[in-house]
Q: 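Before I ask anything, here is the structure I am working with.
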4 protein chains.
Amino acid sequence: MSPRNPEKDRQMREKRMQHILDSALKVMAVHGFQLTSIQDIAKEAKVSVGTVYHYFESKEEIFSEVLRKGQTNYGRNVAAVAVMEVEPLQKLRVIASTWLAASSTNWAFTILMHTARLSKSTPPELKRAITERFTANLKPVASIMEEGMRQGTIVEGDSVQLAFYFVSLIQGLTMQRTPDYEVPVAMNVDAIIGLFEVKEQR
Amino acid sequence: MSPRNPEKDRQMREKRMQHILDSALKVMAVHGFQLTSIQDIAKEAKVSVGTVYHYFESKEEIFSEVLRKGQTNYGRNVAAVAVMEVEPLQKLRVIASTWLAASSTNWAFTILMHTARLSKSTPPELKRAITERFTANLKPVASIMEEGMRQGTIVEGDSVQLAFYFVSLIQGLTMQRTPDYEVPVAMNVDAIIGLFEVKEQR
Amino acid sequence: MSPRNPEKDRQMREKRMQHILDSALKVMAVHGFQLTSIQDIAKEAKVSVGTVYHYFESKEEIFSEVLRKGQTNYGRNVAAVAVMEVEPLQKLRVIASTWLAASSTNWAFTILMHTARLSKSTPPELKRAITERFTANLKPVASIMEEGMRQGTIVEGDSVQLAFYFVSLIQGLTMQRTPDYEVPVAMNVDAIIGLFEVKEQR
Amino acid sequence: MSPRNPEKDRQMREKRMQHILDSALKVMAVHGFQLTSIQDIAKEAKVSVGTVYHYFESKEEIFSEVLRKGQTNYGRNVAAVAVMEVEPLQKLRVIASTWLAASSTNWAFTILMHTARLSKSTPPELKRAITERFTANLKPVASIMEEGMRQGTIVEGDSVQLAFYFVSLIQGLTMQRTPDYEVPVAMNVDAIIGLFEVKEQR
DNA sequence: TATGAATGAGAATTCATTCAT
DNA sequence: TATGAATGAATTCTCATTCAT
């Protein structure tokens, strides 16, 4: 019947969708959330507008997917760090360094996430999904905090709250990392981690 | 024809402009940044679109002014706290509590600021102005940090960097405060301030 | 405060709205229902697309208004005929002649009405409104039928049903009146009315 | 490779084309005329868009074929009724009952036909074809009328005109039969036929 | 023959801005 | 100064049609 190869078709489809999502994140990083038009995304992906709509129902869905993939990815990375064979403080350092790395577009991603949660026009399901994934992603960080408390190297407190503060701080700093006009104050990962560290007695 | 009073005219003008700016912030807090139209602002201010354009050159200028007033205001408040007659840690507490108060629309303001800095369509002058005011506003906080270090109650480090971390943390937390789907983790001002506090010897 | 004349403004507004609605009917008569674009309407009315949207919320609303005005108008006309001082059969003749007059765009209007009622995309309220007005407009015709039955000049039967048949016949014929390729069969008002007439005994 | 059978191939082709046309009518009955997309038709027929284009040149052609088959079919049915061995009035009754049967999608078909004739975008050939078939289909009905006149059971008049009125009435009533908001007036086939009947002397 | 990916023109709608009154 | 009508560019989304596999 069909002279096509369904399996290959499926793979191609998957690949193109990912390509479009990557392009979407890239332009959103430059243009900002809802200011990114489908045109912009299509141009970046070097496909036509129609093609974008061939793969995604709406602009809405693209944003939703970008966020989902990004948060899921981040969650996986953090979980991997949490079970590494190093000191808890070192784990925090890895997370902070990765997130704040100059090359990353995390600042764009963070803004994207918060703007989506804020915007009146974002559908409730998406808001809830974002918040839930964010909350779930706090877990691995919280477990690092607990581990550090047990070892006496991380300050005492509610582990989830501490994780919340840590992540919020990192995200807050990330957003200062926007291009063009960066705040002229250096960031020092050791000093940041130091805030969560139990100081040795002299 | 009523005789004109130039001084009163000027005051009236000032008052209406402020009214429009207040209305603008109010709707932007609900609708999100650039999704707020001039129509929305005019409706909120109960004036016509034409009137808005009498007082402001462009939508651009309104945003710019909202940000300028907001940042200036914030700067004044922080400066006032910095010279209060209380412990440095207490000063930080006051700043944090005020900023994170449930009633505030600081989350909207923070997003507004970051989105503006991020957006390609924001003119460079505005971006620079925002960043400069942000940087300048770090000063009073840095002086609090220095004061605390001198007294041995605040952790050692570069005072401006510490201020940067403190403000970023507060802003990062603020953005978790968006309505509808708040992250289900409590915020505890004492615990937050605790991160910057030198712990007593046991 | 306002150097404008509100009353005059209101009148102008009313006039422009009517002008746009007239233009809308005119183009819909040529292009057909949902095939008429706002562009078409704007061009016909010699205003910009934006202006059309200044006066009407949506294409939907324009169609809805065209139908409402048209049906209301028709209802008024039929009611006026119903109370004229002539024979019942003569009243039917007047209605039929008016409706089938070559110059009228009733055929367009009729199609418009039925297509709207048929289309899946027409909101239920509009469908109900159309149907209700149609039903209400049967009343005057039914009263003519009753009058004729009392006088023995119109065939016996349920007056509302008879009215329904009469109107449906007229509308059915109207739709044959589309331009370009008219059905090559003459219409004779007397013969049509004859169907509802009690034939004299010889 | 299976040996080809040209005759069987042709039959298959014919069968698939008919299947697509049937599906087309089905969806058009629900979605309304030009609001039906090729996608809709393909989905209903459970084939791909490409396949539809294998069998038909354009959307235009599909509509054209649906109408042609529908009108031809109707013509055949009416012609069959015309030569049945029953009273002329009974023949009219059969035609009316069939056409107005609740289950039929004639209302969709009727709208389809009229909208096509009306639309600016319908090519002239199609318009002419529709009108010609419509006109030709009046013949069998006209012959029924003539038969009735000869027998003195159907009112006198031009037989083709009478047929025209009869068919227009039926079509007019059909369009009141749209789903969702039917006009709340009963239809009585006997009463309808009665309009064309010569009344007995008292 | 069958598929569905790709395209681009066109539709509805929004909105910043201008301008006559 | 105040108003709101008018404009047209930009945006999202749809869809007929083409084409490589």
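Lettering follows sequence order; numbering is per chain, from 1. Computed from a prediction, not measured in an experiment: that's the story for all the values here.
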Q: Quick check: on DNA chain F, is the nucleotide nearest Ser58(D) upstream (toward 5') of the one nearest Ser58(A), or the reverse? Name the residue that is more 5'.
A: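 Counting from the 5' end, the first nearest nucleotide belongs to Ser58(A).
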
Q: Counting only N and O atoms by type, is there a donor-acceptor contact under 3.5 Å from the side chain of Lys59(A) to the main-chain atoms of Thr36(A)?
A: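 Yes; at least one donor-acceptor contact below 3.5 Å.
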
Q: Phosphate oxygens OP1/OP2 of dA2(E): is one of them under 4.0 Å from a side-chain N or O of Tyr55(D)?
A: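 Answer is yes, contact under 4.0 Å.
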
Q: Testing the basics here: between Asp40(D) and Val27(D), what is the closest heavy-atom pair and its distance to 0.1 Å?
A: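 Reported closest heavy-atom pair: O-CG1, 4.1 Å.
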
Q: Could you state the atom-to-atom distance from CG of Leu35(D) to P of dC15(F) in whole Å?
A: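 Going from CG in Leu35(D) over to P in dC15(F) covers 8 Å.
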
Q: Want to know the stems of DNA chain F: at least 3 consecutive Watson-Crick or G-U pairs with distances under 3.5 Å, which are they?
A: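 Output for stems: E:2-21 with F:2-21.
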
Q: Both Val47(C) and Val52(B) contact DNA chain F. Taking the nearest nucleotide for each, which residue is further toward the 5' end?
A: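 The residue whose closest nucleotide sits nearer the 5' end is Val52(B).
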
Q: For residues 62-71 of chain A, pull every pair meeting salt bridge (charged side-chain N to carboxylate O under 4.0 Å, His left out), keeping only residues two or more places apart or in separate chains.
A: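 For residues 62-71 of chain A: Glu65(A)-Arg68(A).
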
Q: Please determine whether a side-chain nitrogen or oxygen atom of Thr51(C) lies at a distance below 4.0 Å from atom OP1 or OP2 of dA5(F).
A: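 Answer is no, no contact under 4.0 Å.
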
Q: Which of the following nucleotides, dT17(F), dA16(E), dA11(E), is nearest to the side chain of Val49(D)?
A: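 Nearest nucleotide to the side chain: dT17(F).
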
Q: I'd like to know if the side chain of Ser58(D) reaches the main chain of Glu61(D), judged simply by a donor and an acceptor atom lying under 3.5 Å from each other, with no hydrogens or angles considered.
A: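 Looks like yes, one N/O pair under 3.5 Å.
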
Q: Any side-chain N or O of Arg13(C) less than 4.0 Å from the OP1 or OP2 oxygen of dA5(F)?
A: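 Answer is yes, contact under 4.0 Å.
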
Q: Mind calculating the distance between OH (Tyr53(A)) and P (dG8(E)) to the nearest angstrom?
A: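 Taking atom P of dG8(E) as the reference, OH of Tyr53(A) is at 16 Å.
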
Q: Lys43(D) NZ to dC15(F) C1': how many Å, rounded?
A: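 Those two atoms, NZ and C1', are 13 Å apart.
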
Q: Judged by atom type as modelled, is there a donor-acceptor pair below 3.5 Å linking the side chain of Glu44(C) to the main-chain atoms of Lys26(C)?
A: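 Not at all, since once roles are kept as given, no pair shorter than 3.5 Å links the two residues.
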
Q: Measure the distance from CZ on Phe56(B) to C1' on dA2(F) and round it to the nearest whole Å.
A: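 About 15 Å, once rounded to whole Å.
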
Q: Would you say His54(B) places a side-chain N or O within less than 4.0 Å of OP1 or OP2 belonging to dA2(F)?
A: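 Indeed not, no polar side-chain atom of His54(B) lies that close.
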
Q: Starting at atom CD1 of Ile38(B), determine the distance to atom C1' of dT3(F), rounded to an integer number of angstrom.
A: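 To the nearest whole Å, that distance equals 15 Å.
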
Q: With a 4.0 Å limit, can you tell me whether Ser48(A) has a side-chain N or O closer than that to the phosphate oxygens OP1/OP2 of dT7(E)?
A: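 Yes.
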
Q: Does OP1 or OP2 of dA2(E) have a side-chain N or O of Arg16(D) closer than 4.0 Å?
A: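 Affirmative; the distance criterion is met.
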
Q: Could you check which of dT17(F), dA12(E), dC13(F) has an atom nearest any side-chain atom of Lys59(C)?
A: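 The nucleotide sitting nearest to the side chain is dA12(E).
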
Q: What integer distance in Å separates Lys8(C):NZ from dG4(F):C1'?
A: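 Rounding to the nearest Å, NZ of Lys8(C) and C1' of dG4(F) are 15 Å apart.
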
Q: In the structure I gave you, are the side-chain heavy atoms of Leu21(C) and Phe56(C) within less than 4.5 Å of one another anywhere?
A: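 Side-chain contact under 4.5 Å: yes.
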
Q: Could you tell me the separation between the CD1 atom of Ile20(A) and the P atom of dA5(E), rounded to a whole number of Å?
A: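 Distance, rounded to whole Å: 11 Å.
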
Q: In whole angstrom, give the distance that lies between atom NZ of Lys46(A) and atom P of dT7(E).
A: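 Rounded to the whole Å, the gap is 12 Å.
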
Q: DNA chain E: Asp40(C) or Gly50(C), which has the more 5' nearest nucleotide?
A: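 Between the two, 5'-proximity favours Asp40(C).
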
Q: Closest approach of His19(A) and Ala45(A), non-hydrogen atoms and distance?
A: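 Minimum heavy-atom contact is NE2-O, 3.0 Å.
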
Q: Rounded at 0.5 Å granularity, tell me how far CG in Asp22(B) sits from CE in Met17(B).
A: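 Atom-to-atom, Asp22(B):CG and Met17(B):CE are 12.0 Å apart.
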
